[in-house]
Amino acid sequence: MANLLNRVSFLERKLNALKYQLELNESYPDVFSAKLKEKSQKKVEELKEKESHELLKLEIDALDNPAYLKYMTEEQLNQLEQSYDLKKRQTITSYYRKTGQNQTSEVLEDDLKKIHSTYEQQQKAMLDAYGQRQYTKETLSANRQKYASAEKAHLERIAIYEKHLEEFNQKKLDDLKSSLNQKKEVLKSKIQSIESKLKAYQASTQGKQHLKTELPEDVILRIDHLTMQFGGLKAVDDLSFDVKRGEIFGLIGPNGAGKTTVFNCITQFYKATEGNMYYRTRLSDVITLNHVKVHDVIKQGIVRTFQNVELIWELSILDNMLVGAHSKYRSKFFDHSFQTRRFKREESIIRAKAIKILSDLGLLPYQHFYPLGLPYGVLKKIELARTLMTNPSLIILDEPAAGLNDLETEQLAHTIKKIQKEYDTTIFLVEHDMGLVMSICDTICAISFGKKLAIGTPQVIQKDPVVQQAYLGGE
Amino acid sequence: MKLKYTPKHTGFKQFRLKMKTWTNHPYFPILVLGFFLILIQMIGSTGLIRPSLLNFLSPVLIRYMVSLGFLLLLGYAGLASLGTAGFMGLGSYMIGYLFQTSGMPAELAFLVGIAVSLGLGVMVGFISLRVEGMYLAIVTLGLAEILKNFFTYSPLTGATDGMRLQFIKFLGITSSNTVVYNPINYIIMVLMVLVMIWMVNIINSPTGRAMLSIKNSTSAAQAMGISIMKYRLSAFLIATMLAVMGGMLGMLRTTTSFPGTWGIDLSLNVLAAVVIGGTKNIWGVLIGTFIVFGLKDLVLARIPFFQTFSNAHLMFSGALIILVVMFYPGGVIRALEDIKRLIIKLYTKILTSWKEYTYGKSVE
């Protein structure tokens, strides 16, 4: 029986991996085509840059005489004037320093006059030098025609080049797509065979079937008589409740009620003393979380945040997002050491996804920053964004509004609702801020000293006398 | 007046921009370094550079390779090991023993050494990495002491006299005591370049990021699906492998090995090189290695004080560690960056004051 279950779980893992590979294959062409577009744009820019030298010469030739004179001498005249100005100032300051007084005299005036005359001479010489070109009307019009035809040819060439590049890119993309399609067929056939095998096994595994019928279809997480004991202290005492798929579930309670302990039990940071936690995966199989390892919890689709932001301080925000997708990487240590094509492809896909999520939450300006020194509200938001990297089906938020001001809390409520809607997830949160909890949660569970007080909609909880007593300390 | 077509860059500037895509690649400086090292070796081996000056280079490069493994362990996985010298000694004695007594070709012995290092690393790692804290340092310290005593008293390693081989042949290169310009140095340089590229690849991959996240926050790392044991162990394995490889390359170069070389001071020197250079930067570690291992032969050996007290260079690196940890936790590489910024600041200040002097303060 146990052997059979092992076999089934092995097959399921394989099935998951294959499905993920299929997903990657489907999202790669978009990333690839964006890359190709960038590359071809760069090439076109290069061509424009290269041809602009020739065109500039023709354009100058096609200018009429006064415009030519102005264009050629404008910059140099400016330079001359600047140098004249500097020289004037230099003589004045040196003269003042020599005499020790800030007064003009005849000697200084003479010097300045000399400098001015040389400046005028230089100016005249320059204008004479560039004024020598005297094109007649005929040559000018011929030059203009030459320039116009050259420009036309240039634009045509660029258009042809662009078209050629586009065709080339399309061909490359088609090649990629066809090869991916072939792979897809192979993957699909593999998936089908595994699924048929699984079906055969599932008919004979009754334990699993039993669990499946026990848990209602719309429940994603069931806490069943959970008890957590630290020595003589019962932090969580015989707690049980259900979290439904797609809702925002809030867990509230006074300080020290054991809310964070419940979270740590679910994510296996603590091993529960008694009781079970049943969880429905994306494939709608039911598993008990009790025997899952801490770092495997995320593979089942459960991601958590922490009460005090736990970001990686030595990595940039974008790299932090990539750490969030760590469990999604299929490339192994070998690929990392030699930077194989497989790894590079995977990295580019995941990077594109991280950038998309960051821009969704309005965090894109921070992508190359390091977390140290960013505002606390932004850090909380980044931690929230990091959880989305693995397409989780259950997000566990540990006091998301702790340490935020009113405006930031309002924004956070908006963000949480948006995430729940757009990313099709269930959100389970612990919070002290009653305003936030009452405004966004669909169901609330109130606990005190590890025991459940009440469960229901926000209106029910607000009116519940037991909850009021626990919070306000009696009548 | 502006015209329609204005080329942005011309001539040399355009060429430089084109080259930038090459020079910005992380492999570029590594390959340039390797090229220059091999060039120096080639020029030197014609007789232009004294052998005593040339021969100081490759031991430092071997220790640099070992330090790179330690960089991954300390700077990325946040662990410290004090068994580096023990592992290096193990490598050097093992390849010598396998070549001399069992007649195994040195190439095969090299691979056997790497396999043994991996096995030993897994064993030590599984024992010591399960527990949080500095247990790895304690266990590796004990192991290094055991190994050192084994080298000193066992007849297999030649006891206190050390192991002296007549010759050793590796990849067609025969080295012995009498060879002056040893061509094995080329192999050491090529291997160093490969190891550097490997390190850069690991650092910029999910593996490197996972190690850094474990160092920063174990709970966040676990919540993101990073197995702590796996990545700590792999960092330790890489460090062990590179240490054993360094020891073997040393044996291939000098064909002699003495138990006194593989004491705790060598492990501490490797630690010092990484800390002084900068714990997260391979170029910083290069500078650190040259300060700790190269300075002794190149500069300090000419000062009379250091000649009379043979171990005084340890004092020098100890003082450097204190200075770096107190004033520059980022290491020498960070200090260099700061100095560069300071020079630029000073330059602009001097320029503005000179302008003020010649042209006067106020604009008329």
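Chain naming here is simple, since letters A, B, ... match the order of the sequence lines and numbering starts at 1 in each.
Per-residue heavy-atom pair counts under 4.5 Å with chain B were compared for A/Arg97, A/Lys293, A/Arg304, and the maximum is reached by A/Arg97. Interface summary for chain B: among A/Val294, A/Asp296, A/Leu86, the most heavy-atom pairs under 4.5 angstrom belong to A/Leu86. Listed options A/Met389, A/Lys328, A/Glu151, A/Lys87 were ranked by heavy-atom pairs under 4.5 angstrom with chain B; first place goes to A/Glu151.
Contacts between B/Ser219 and chain A at a heavy-atom distance below 4.5 Å involve backbone atoms as well as side-chain atoms. Neither the backbone nor the side chain of A/Glu383 comes within contact range of chain B; no heavy atom of the residue lies under 4.5 Å from a heavy atom of that chain. At a 4.5 Å heavy-atom cutoff, the contact between A/Glu45 and chain B is made by side-chain atoms alone. With a threshold of 4.5 angstrom between heavy atoms, B/Asn216 approaches chain A through side-chain atoms but not through N, CA, C or O. Heavy atoms closer than 4.5 Å to chain B are found in both the backbone and the side chain of A/Val323. Contacts of A/Phe343 with chain B are made by side-chain atoms alone, with heavy-atom separations under 4.5 Å and no backbone atom involved. If you measure heavy-atom distances from A/Ser337 to chain B, the contacts under 4.5 Å come from both the backbone and the side chain. Of the two parts of B/Ile203, neither the backbone nor the side chain holds a non-hydrogen atom closer than 4.5 Å to a non-hydrogen atom of chain A. Interface remark: B/Tyr76 contributes no atoms to any contact with chain A (heavy atom separation under 4.5 Å).
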What's the verdict on ring-ring contact (aromatic ring centres under 6.0 Å, His included) for A/His154 and A/Tyr147, showing C-alpha distance, side-chain angles and the deciding distance?
CA-CA 10 Å; A/His154 164 73; A/Tyr147 167 61; over 10 Å; no

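Looking at A/Glu346 and A/Lys332, no side-chain N of the basic residue comes within less than 4.0 Å of a carboxylate O on the acidic one, giving no salt bridge. Ion pairing of A/Glu74 with A/Lys70 is absent here, as no side-chain N (NZ or NE/NH1/NH2) approaches a carboxylate O to less than 4.0 Å.
B/Leu249 pairs with exactly one of B/Leu191, B/Val244, B/Leu61 by the side chain to side chain contact (heavy atoms under 4.5 Å, CB included) rule, that one being B/Leu191.
Residues A/Glu347 and A/Tyr329 meet the side-chain proximity criterion, which asks for heavy atoms closer than 4.5 Å. Between B/Ile114 and B/Met248 the shortest side-chain heavy-atom distance falls below 4.5 Å.
Classified by interplanar angle (parallel below 30°, tilted 30° to 60°, perpendicular above 60°), the ring pair B/Tyr27/B/His25 is perpendicular.
Here the closest non-hydrogen pair linking B/Ser217 and A/Glu310 is OG-OE1, 2.6 Å.
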